[in-house]
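Worth knowing before you read on, the calculation uses all heavy atoms, side chains too, and leaves out hydrogens, waters and symmetry mates. Note that the structure is a prediction, hence the values are computed from the model and not measured.
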Amino acid sequence: EKDPVLRIKALHDYVADRIAYDSDAFYSGDYGDQDAQAVFEKRKGVCAGYANLLSALAAAINEEIVVVAGDARNIETGNQLTGTGHAWSAAHINGRWYLMDACWDAGYVSREKGFTKAYKTDYLLPPPEVMIEDHFPEDDTWQLLSQPLSQGDFLRQPMLRPSFQAADLTLVSPLRALNESGSKAFAVVKNPKNEWLIAGLEQNGKQIGYSTQPTNSPTAQMECAIPDKGTYRLNMFLNEHQHGGQYKFVGSLDFVNR
């Protein structure tokens with residue numbers, strides 16, 4: 001492949017498609033050897049293993065991909081609000097740096113089911129403004145932003161996924177990750193493409209009540225009643241085709257009812 005962008009994509013796709021996330025290692029805290037050779041041989045690793053293998057594969061074809069370390073907010077591991085240690089990648093293409101995360105593009109993990117393969121390209125060279133919504137590097141140089149974000153601002157911002165911006169959605173309100181609330185959790189979203197949106201409420205990982213009715217309004221308003229005092233999460237889902245099809249998670253907001 002002569003196109004440098006597609007060369008990098010081929011490496012990303014190989015790692016995302018051929019390497020399984022080692023959920024046993026993750027949940028036990030015993031990660032084992034995560035260097036490139038070990039991950040390549042086992043076809044299994046955690047985030048550092050994915051990033052190390054990508055870097056080694058790039059070096060083998062005279063490309064440059066470096067490992068980026070920091071914190072990430074991930075709904076699957078339950079640390080979406082506060083973030084947890086993570087590793088991802090930065091690729092040098094045509095004189096510029098771009099970000100990617102082959103680990104998060106490989107699938108998802110849960111304590112009950114382990115790793116579920118689900119290849120995607122949400123984290124393949126996204127704009128830095130999108131990556132910073134859930135990836136916060138230790139070295140702010142790797143934010144690739146003209147005005148780096150502080151860790152406090154990173155944690156306070158809404159918890160949105162790249163697929164939210166890819167659908168041209170804009171969150172109107174609320175504009176913080178954690179919000180004081182009364183008897184309802186809500187989101188107002190600009191929806192210029194009239195995509196179908198729904199929202200559902202959860203507490204401690206368990207669904208509370210029913211999802212909102214699907215809406216494809218240009219200004220979508222989604223609201224769920226909060227049944228009691230406590231902290232709740234409003235999860236938003238998108239269907240780009242029709243409201244009767246499958247919806248995918250695009251973001252969430254936390255609400256506290258005192």
Sequence neighbours excluded and cut-off under 3.5 Å, please list the side-chain donor-acceptor pairs for residues 170-187, or say none.
residue: Asn179; atom: ND2; partner: Arg176; partner atom: O; Å: 3.0
residue: Asn179; atom: ND2; partner: Asp254; partner atom: O; Å: 3.1
residue: Glu180; atom: OE1; partner: Arg258; partner atom: NE; Å: 3.0
residue: Glu180; atom: OE2; partner: Arg258; partner atom: NE; Å: 2.9
residue: Glu180; atom: OE2; partner: Arg258; partner atom: NH2; Å: 2.8
residue: Ser181; atom: OG; partner: Lys184; partner atom: O; Å: 2.3

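Looking at heavy atoms from C-beta onward, Val66 lies out of side-chain contact with Ser89 at the 4.5 angstrom threshold. Taking the side chain as every heavy atom from C-beta outward, Val5 and Leu125 approach each other to under 4.5 Å. Between Asp101 and Met131 the shortest side-chain heavy-atom distance falls below 4.5 Å. Side-chain contact between Leu169 and Lys190: absent, with no pair of heavy atoms (C-beta onward) separated by less than 4.5 Å. Under the 4.5 Å side-chain criterion, counting only non-hydrogen atoms from C-beta, Thr219 is in contact with Val188. A heavy-atom distance below 4.5 Å is not found between the side chains of Phe255 and Thr231. In this structure the side chain of Pro214 reaches within 4.5 angstrom of the side chain of Ile198, judged on heavy atoms. Proximity of Leu144 to Leu99: side-chain heavy atoms (C-beta onward) are separated by under 4.5 Å at one or more points.
When atom types are taken as modelled, the side chain of Ser28 and the backbone of Ala25 share a donor-acceptor pair closer than 3.5 angstrom. Checking side-chain atoms of Glu1 against main-chain N and O of Asp3 turns up a donor-acceptor pair under 3.5 Å. Although no hydrogens or angles enter the test, the distance criterion places a donor-acceptor pair under 3.5 Å between the side chain of Tyr50 and the main chain of Ile19. Distance alone, capped at 3.5 Å, places no donor-acceptor pair between the Thr215 side chain and the Ala220 backbone. With hydrogens and angles ignored, the 3.5 Å screen pairs a side-chain donor or acceptor of Tyr27 with a backbone N or O of Arg111. Remark: side-chain polar atoms of Glu202 are not paired, donor with acceptor, to backbone N or O of Asn204 under 3.5 angstrom. Judged purely by atom type and a 3.5 angstrom limit, Asn52 uses its side chain to pair as donor or acceptor with the backbone of Gln34.
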- Message: One pair to check against side chain to side chain contact (heavy atoms under 4.5 Å, CB included): Leu54 and Val67. What are the steps and the verdict?
- Response: CA-CA 8 Å; Leu54 258 178; Val67 178; over 6 Å; no
- Message: Asp134 vs Arg161, test: salt bridge (Lys or Arg N to Asp or Glu O under 4.0 Å). Steps then yes/no.
- Response: CA-CA 8 Å; Asp134 46 28; Arg161 288 293 183 257; 3.0 Å; yes
- Query: Can you list the steps and then say if Thr212 with Cys224 is a side chain to side chain contact (heavy atoms under 4.5 Å, CB included)?
  - Reply: CA-CA 7 Å; Thr212 61; Cys224 291; 3.6 Å; yes
- Task: Apply side chain to side chain donor-acceptor pair (under 3.5 Å) to the pair Gln246 and Asn239, showing each step before the final yes or no.
- Result: CA-CA 6 Å; Gln246 185 174 359; Asn239 188 319; over 6 Å; no
- When you look at Ile8 and Glu63, which way does the side chain to side chain contact (heavy atoms under 4.5 Å, CB included) test go after all the steps? CA-CA 8 Å; Ile8 296 299; Glu63 296 289 354; 4.1 Å; yes
- Task: Determine, stepwise, if the pair Glu240 / Lys248 fulfils salt bridge (Lys or Arg N to Asp or Glu O under 4.0 Å).
- Result: CA-CA 9 Å; Glu240 298 175 350; Lys248 63 180 178 182; 3.8 Å; yes
- Task: Kindly indicate, with the supporting measurements, whether the criterion side chain to side chain contact (heavy atoms under 4.5 Å, CB included) is fulfilled by Leu124 and Asp105.
- Result: CA-CA 8 Å; Leu124 175 60; Asp105 277 345; 4.2 Å; yes
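The two residues Pro158 and Arg73 come nearest to each other via the heavy atoms O-NH2, 3.1 Å. Across all their heavy atoms, Ala87 and Cys47 have their closest contact at N-SG, 3.5 Å. For the pair Ala16 and Ala102, the tightest heavy-atom approach, listed with the atom from each and the gap, is CB-O, 3.7 Å. Residues Leu201 and Pro227 approach most closely at CD2-CD, 4.2 Å, considering heavy atoms. Of all the heavy atoms in Gly209 and Gln207, the pair that sits closest is O-NE2, 3.1 Å.
To the nearest 0.5 angstrom, Gln213 atom CD is 13.5 Å from Leu197 atom CG. One finds the CZ atom of Phe164 at 11.0 Å from the OG atom of Ser252 (value rounded to the nearest 0.5 Å). In this structure, the separation between CG on Leu57 and NE2 on His12 is 12.5 Å, given to the nearest 0.5 Å. To the nearest 0.5 angstrom, Tyr247 atom OH is 11.0 Å from Phe237 atom CZ. For the atom pair CD1 (Ile208) and CZ (Arg233), the distance works out to 13.0 Å, reported to the nearest 0.5 Å. Rounding to the nearest 0.5 Å gives a distance of 6.5 Å between CD1 of Ile132 and CD of Gln157.
Inspection of the Asn216 and Glu195 side chains reveals no N or O donor paired with an N or O acceptor under 3.5 Å. Side-chain atoms of Asp13 and Tyr119 form a donor-acceptor pair, as typed in the model, at a separation below 3.5 Å. Side-chain contact of Gln165 with Glu133: a donor-acceptor pair under 3.5 Å is present, judged by distance alone.
Heavy-atom neighbours of Lys44 NZ from other residues, nucleotides or ligands within 6.0 Å: at or below the threshold of 12. Within a 6.0 Å sphere centred on CZ of Phe40, heavy atoms belonging to other residues, nucleotides or ligands number 12 at most. The 12-atom threshold is exceeded at CZ of Arg156, counting heavy atoms of other residues, nucleotides or ligands nearer than 6.0 Å.
Judged as a salt bridge (Lys or Arg N to Asp or Glu O under 4.0 Å), not a single pair has a partner in residues 20-41 (not counting sequence neighbours). The stretch residues 123-149 participates, sequence neighbours left out, in these ring-ring contact (aromatic ring centres under 6.0 Å, His included) pairs: His86-His135, Trp88-His135, Trp97-Trp142, Trp104-Tyr123, Trp104-His135, Tyr123-His135, Phe136-Phe154.
Under the 4.5 Å side-chain contact rule for hydrophobic residues, Leu53 and Phe26 share a cluster. At a threshold of 4.5 Å between side-chain heavy atoms, the hydrophobic network of Ile, Leu, Val, Met, Phe, Trp and Tyr places Val130 and Leu238 in two separate groups. Tracing side-chain contacts under 4.5 Å through hydrophobic residues (I, L, V, M, F, W, Y), one never reaches Ile93 starting from Leu6; they form parts of separate clusters.
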